[in-house]
J.: 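If you scroll down you'll find the structure; I have some questions about it.
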Amino acid sequence: MNLEHILTMVDHTLLLQGSTWEEIRNICDQGMKFHTASICIPPCYVKRAWEYMGQDFSITTVIGFPNGNMTTAAKVFEAKDAIANGAAEIDMVLNIGELKAKNDSYVLSEINEVKAACGTHLLKVIIECCLLTEEEKIRACRIVTESKADYIKTSTGFSTGGATFADVKLMAEHIGPNIKIKAAGGIASIEDAEKFISLGASRLGTSRLVKIAMEQA
């Protein structure tokens with residue numbers, strides 16, 4: 001699988017707290033140049049990015065990020081605001097504490113409320129695998145499968161670990177056919193990307209693959 005094809009599956013990502021508009025604009029330029037699936041940027045820059053790039057390029061942003069323990073109403077507001085500003089895809093962090101407490105109905109209801117706010121726009125649910133037991137990961141897979149979300153995502157990249165091959169393999173074994181997988185956090189090479197894709201991921205959250213493409217150009 002060549003890098004050009006892999007890049008069409010990449011959400012080219014910059015979410016660092018200190019990111020400036022100049023840096024986000026560079027991400028926009030790189031995403032358009034290398035035809036990535038989307039750019040993934042902080043909510044405060046979505047409107048400027050949409051105005052800068054126009055409607056022909058997909059913008060992903062994050063809500064309930066990175067901890068996931070905001071109220072459902074706050075997440076719904078964030079989603080509506082992001083979409084009004086031009087976001088095409090929303091990556092939300094589920095409520096990890098409620099998942100651990102086995103309050104699955106709360107977790108499911110929240111996902112569905114956010115999806116309702118997203119309408120036809122894609123919703124990816126970040127379950128933060130590095131904080132979960134295997135049983136919790138499997139339960140999260142089942143909840144997301146039951147929900148109206150479009151993707152399950154491994155990680156925020158802001159906790160104790162990122163995507164692992166084992167987690168993507170586990171997800172592929174426990175999600176339903178209606179849910180796709182996004183691996184994010186620590187994807188550093190073409191070989192990593194190929195392995196994640198072979199295990200079932202159809203989206204990759206990373207900035208390093210575009211850097212490799214720029215070095216090869």
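Quick caveat: nothing in here was measured; it's all calculated off a predicted structure.
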J.: Regarding Lys169 and Glu173, does a basic nitrogen lie under 4.0 Å from an acidic carboxylate oxygen?
T.: yes
J.: Quick check: do Pro42 and Val62 have side-chain heavy atoms less than 4.5 Å from each other?
T.: no
J.: If you look at every heavy atom in Leu123 and Cys118, which pair is closest and at what distance?
T.: CD1-SG, 4.2 Å
J.: With a 4.5 Å cut-off on side-chain heavy-atom distances among I, L, V, M, F, W and Y, is there a chain of contacts connecting Phe165 to Ile138?
T.: no
J.: What do the steps show when you test Lys124 against Asp150 for salt bridge (Lys or Arg N to Asp or Glu O under 4.0 Å), and what is the final call?
T.: CA-CA 6 Å; Lys124 310 184 197 97; Asp150 302 284; over 6 Å; no
J.: Would one find more than 12 heavy atoms of other residues, nucleotides or ligands at under 6.0 Å from atom CD of Glu22?
T.: no
J.: How many angstroms lie between atom NZ of Lys75 and atom CG of Asn69, to the nearest 0.5 angstrom?
T.: 7.5 Å
J.: For side chain to side chain contact (heavy atoms under 4.5 Å, CB included), just list the numbers for Ile41 and Thr60, CA-CA rounded to whole Å, side-chain angles, deciding distance to a tenth of an Å, and then say yes or no.
T.: CA-CA 6 Å; Ile41 60 175; Thr60 299; over 6 Å; no
J.: Do you know the tightest heavy-atom contact between Lys80 and Ala117?
T.: CG-CB, 3.7 Å
J.: Is there a side-chain contact between Phe57 and Ile39 in this structure, where contact means two heavy atoms from C-beta onward sitting under 4.5 Å apart?
T.: yes
J.: So if you build clusters from Ile, Leu, Val, Met, Phe, Trp, Tyr with side-chain heavy-atom gaps below 4.5 Å, do Ile190 and Val10 land together?
T.: yes
J.: Should we count NZ of Lys102 as having more than 12 external heavy atoms under 6.0 Å?
T.: no
J.: Could you report the tightest heavy-atom contact between Leu204 and Ala193, atom names first, then the distance?
T.: CD1-CB, 3.6 Å
J.: Is Asp11 paired with Lys182 through a side-chain N to carboxylate O contact shorter than 4.0 Å?
T.: yes
J.: Would you say the side-chain atoms of Glu23 pair up with the backbone N or O of Thr20, donor to acceptor, closer than 3.5 Å?
T.: yes
J.: Can Ile212 be reached from Phe196 by stepping across I, L, V, M, F, W or Y side chains whose heavy atoms are under 4.5 Å apart?
T.: yes
J.: Is the number of heavy atoms from other residues, nucleotides or ligands under 6.0 Å of Glu194 CD greater than 12?
T.: yes
J.: Donor-acceptor check, side chain of Tyr45 to backbone of Ser19, threshold 3.5 angstrom: yes or no?
T.: yes
J.: Got a second to check how far Leu132's CG is from Thr154's OG1, nearest 0.5 Å?
T.: 11.0 Å
J.: Any donor-acceptor pair under 3.5 Å linking the side chain of Lys115 with the backbone of Leu122?
T.: no
J.: For the pair Ser147 (side chain) and Leu108 (backbone), establish whether a donor and an acceptor sit closer than 3.5 Å, ignoring hydrogens and angles.
T.: no
J.: Charged N to carboxylate O below 4.0 Å: is that the case for Arg139 and Asp104?
T.: yes
J.: Could you go step by step and tell me if Val144 and Ile111 meet the side chain to side chain contact (heavy atoms under 4.5 Å, CB included) rule?
T.: CA-CA 8 Å; Val144 176; Ile111 294 169; 4.2 Å; yes
J.: Decide side chain to side chain contact (heavy atoms under 4.5 Å, CB included) for Phe34 and His12; before the verdict, give the C-alpha distance in whole Å, the side-chain angles of both, and the deciding distance to 0.1 Å.
T.: CA-CA 10 Å; Phe34 292 102; His12 187 33; over 6 Å; no
J.: Please check: side-chain N/O of Thr156 versus main-chain N/O of Phe158, any donor-acceptor pairing under 3.5 Å?
T.: yes
J.: Restricting to non-hydrogen atoms, name the atom on Ile197 and the atom on Met9 that form the minimum distance, rounded to 0.1 Å.
T.: CD1-SD, 3.7 Å
J.: Run Ser58 and Ser38 through side-chain hydrogen bond (donor to acceptor under 3.5 Å, both in side chains) and show every step you take.
T.: CA-CA 5 Å; Ser58 186; Ser38 79; 4.9 Å; no
J.: Report yes if some heavy atom in the side chain of Val114 is under 4.5 Å from a heavy atom in the side chain of Ile63; otherwise report no.
T.: yes
J.: Do Asn95 and Glu110 have side chains that approach each other closer than 4.5 Å (heavy atoms only, starting at C-beta)?
T.: yes
J.: Mind checking whether Ile175 and Val93 sit in one hydrophobic cluster, side chains of I, L, V, M, F, W, Y counted as touching below 4.5 Å?
T.: yes
J.: For Gly200, does its backbone N or O pair with a side-chain atom of Lys180 as donor and acceptor, under 3.5 Å?
T.: no
J.: Would Leu199 end up clustered with Tyr151 when hydrophobic side chains under 4.5 Å apart are linked, directly or stepwise?
T.: no
J.: With distance as the sole criterion, is a donor-acceptor pair present between the side chains of His121 and Glu89 under 3.5 Å?
T.: no
J.: Would you check if Val210 and Leu7 make a side-chain contact, meaning some heavy-atom pair closer than 4.5 Å?
T.: yes
J.: Just by distance, do the side chain of Ser155 and the backbone of Ala184 share a donor-acceptor pair under 3.5 Å?
T.: yes
J.: Between Ala79 and Ile90, which heavy-atom pair has the shortest distance, and what is it?
T.: O-CD1, 4.4 Å
J.: Would you find more than 12 non-hydrogen atoms of other residues, nucleotides or ligands less than 6.0 Å from Glu4 atom CD?
T.: no
J.: Looking at CD1 of Ile126 and CG of Leu94, how far apart are the two atoms once the value is rounded to the nearest 0.5 Å?
T.: 8.5 Å
J.: SG/Cys44 to CH2/Trp21 distance, rounded to the nearest 0.5 angstrom?
T.: 10.0 Å
J.: So that I can tick it off, tell me whether Arg208 and Asp192 are bridged by a salt bridge, with the cut-off set at under 4.0 angstrom between side-chain N and carboxylate O.
T.: no
J.: I'd like to check Ile143 versus Leu99 (side-chain heavy atoms, cut-off strictly below 4.5 Å). Are they in contact?
T.: yes
J.: For Met171 and Cys129: C-alpha separation, side-chain torsions, deciding distance, then whether side chain to side chain contact (heavy atoms under 4.5 Å, CB included) applies.
T.: CA-CA 10 Å; Met171 285 177 166; Cys129 288; 3.7 Å; yes
J.: For a 4.5 angstrom cut-off between non-hydrogen side-chain atoms, does Ile127 reach Lys153?
T.: no
J.: Taking atom types as modelled, find out whether Thr164 and Asp167 have a side-chain donor-acceptor pair closer than 3.5 angstrom.
T.: yes
J.: Are side-chain heavy atoms of Asn85 and Trp50 found at a separation under 4.5 Å?
T.: no
J.: Under the 3.5 angstrom rule, does the side chain of Ser109 hit a backbone N or O of Tyr106 as a donor-acceptor pair?
T.: no
J.: Report the distance from atom CE of Met32 to atom CG of Asp56, rounding to the nearest 0.5 Å.
T.: 10.0 Å
J.: State whether the side chain of Asn112 and the backbone N or O of Lys148 hold a donor-acceptor pair below 3.5 Å, judged by distance alone.
T.: yes
J.: To the closest 0.5 Å, what do you measure between CE (Met53) and CD1 (Ile27)?
T.: 10.5 Å
J.: Quick check: are there more than 12 heavy atoms from other residues, nucleotides or ligands sitting under 6.0 Å from CZ of Phe77?
T.: no
J.: Using the side-chain hydrogen bond (donor to acceptor under 3.5 Å, both in side chains) rule, take Asp29 and Tyr52 through it: C-alpha gap first, then chi angles, then the decisive distance, then the call.
T.: CA-CA 10 Å; Asp29 291 338; Tyr52 179 68; 2.7 Å; yes
J.: Is Glu146 salt-bridged to Arg142, cutoff N-O under 4.0 Å?
T.: no
J.: May I ask you to decide if Gly64's main-chain N or O and Glu78's side chain share a donor-acceptor pair within less than 3.5 Å?
T.: yes
J.: Give the minimum heavy-atom separation between Thr61 and Ala87, together with the two atoms involved.
T.: CG2-CB, 4.1 Å
